[in-house]
Peer 1: 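One structure is given below, represented as structure tokens, and several questions about it will come after.
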Amino acid sequence: MSRFALAALCAVLAAPVLATEPLEVRLAIQDHKFEPAELKVPAGQKIKLLIENRDDSAEEFESLELNREKIVGPNATIIVYTGPLEPGRYPYFGEFHMDTAQGVVVAE
């Protein structure tokens with residue numbers, strides 16, 4: 001098999017893998033609040049949440065509906081994978097500052 005044919009075959013086989021890459025979405029914690037408080041994502045797609053804590057104290061990203069719970073250290077970033085999601089609203093909160101750290105993922 002020629003190098004060109006081998007390269008073409010590899011590209012064809014890799015295409016489905018690239019098509020299933022998760023959508024990267026950024027979420028920040030600042031002043032004990034999530035920014036943005038509402039994340040809109042496409043339904044039916046795997047999501048890679050990059051959660052950056054800009055505060056000097058730890059926070060916990062938690063969502064009962066997403067079945068996720070993870071500590072975000074002060075001035076640190078974590079990754080949380082979720083989905084694919086059905087259309088709907090998926091609330092999340094910061095357990096250490098529940099009065100201010102509230103948000104929702106909206107899958108459309």
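Residue numbers count from 1 along this sequence. Because only heavy atoms are used, hydrogens play no part in the values below, and waters and symmetry mates are left out as well, while side chains stay in.
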Peer 1: Quick check: do Val80 and Ile78 have side-chain heavy atoms less than 4.5 Å from each other?
Peer 2: yes

Peer 1: Closest heavy-atom contact between Tyr81 and Pro22?
Peer 2: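 Between these two residues, the closest heavy atoms are CE2-CG, 3.9 Å.
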
Peer 1: Identify the two heavy atoms, one from Glu86 and one from Ala107, that lie closest to each other, and give their separation to 0.1 Å.
Peer 2: O-CB, 3.5 Å

Peer 1: Is Ile79 close to Leu49 at the side-chain level, that is, under 4.5 Å between some pair of heavy atoms?
Peer 2: no

Peer 1: Might you point out which heavy atoms bring Leu23 and Gln45 nearest each other, and give the distance in Å?
Peer 2: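 Minimum heavy-atom contact is CB-NE2, 3.4 Å.
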
Peer 1: Does a donor on one side chain and an acceptor on the other come within less than 3.5 Å for Glu59 and His32?
Peer 2: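 Result is no, nothing qualifies.
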
Peer 1: Using the rule given for salt bridge (Lys or Arg N to Asp or Glu O under 4.0 Å), can you reason through Glu24 versus Arg26, listing the C-alpha separation, both sets of side-chain angles and the distance that settles it, and then say yes or no?
Peer 2: CA-CA 7 Å; Glu24 190 173 287; Arg26 294 186 176 271; 3.7 Å; yes

Peer 1: Look at Glu38 together with Arg89 and state whether they make a salt bridge at an N to O cut-off of under 4.0 Å.
Peer 2: yes

Peer 1: Would you check if Lys70 and Glu62 make a side-chain contact, meaning some heavy-atom pair closer than 4.5 Å?
Peer 2: no

Peer 1: Closest heavy-atom contact between Ser63 and Pro91?
Peer 2: OG-O, 2.6 Å

Peer 1: Give the ring-plane orientation class for Phe61 versus Phe34, where under 30° counts as parallel, over 60° as perpendicular and anything between as tilted.
Peer 2: perpendicular

Peer 1: Can you tell me how far CD1 of Ile51 sits from CD of Glu60, rounded to the nearest 0.5 angstrom?
Peer 2: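 CD1 of Ile51 is found 11.0 Å from CD of Glu60.
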
Peer 1: Is there a side-chain contact between Leu27 and Leu39, using heavy atoms and a 4.5 Å cut-off?
Peer 2: yes

Peer 1: With distance as the sole criterion, is a donor-acceptor pair present between the side chains of Asn53 and Asn75 under 3.5 Å?
Peer 2: no

Peer 1: Do Val106 and Val41 come close enough that some side-chain heavy atom pair is under 4.5 Å?
Peer 2: no

Peer 1: Test side-chain contact (heavy atoms from CB on, under 4.5 Å) on Leu66 and Leu85 and set out the steps.
Peer 2: CA-CA 9 Å; Leu66 294 172; Leu85 300 174; 3.7 Å; yes

Peer 1: Using the side-chain contact (heavy atoms from CB on, under 4.5 Å) definition, which of the options Glu65, Lys46, Arg68 pairs with Thr82?
Peer 2: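 The passing option is Arg68.
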
Peer 1: Would you check if Leu50 and Val25 make a side-chain contact, meaning some heavy-atom pair closer than 4.5 Å?
Peer 2: no

Peer 1: When you measure from the side chain of Gln102 to the backbone N and O of Met98, does any donor-acceptor pair fall under 3.5 Å?
Peer 2: yes

Peer 1: May I ask you to say whether Glu52 pairs ionically with Arg54, meaning some side-chain N is under 4.0 Å from a carboxylate O?
Peer 2: yes

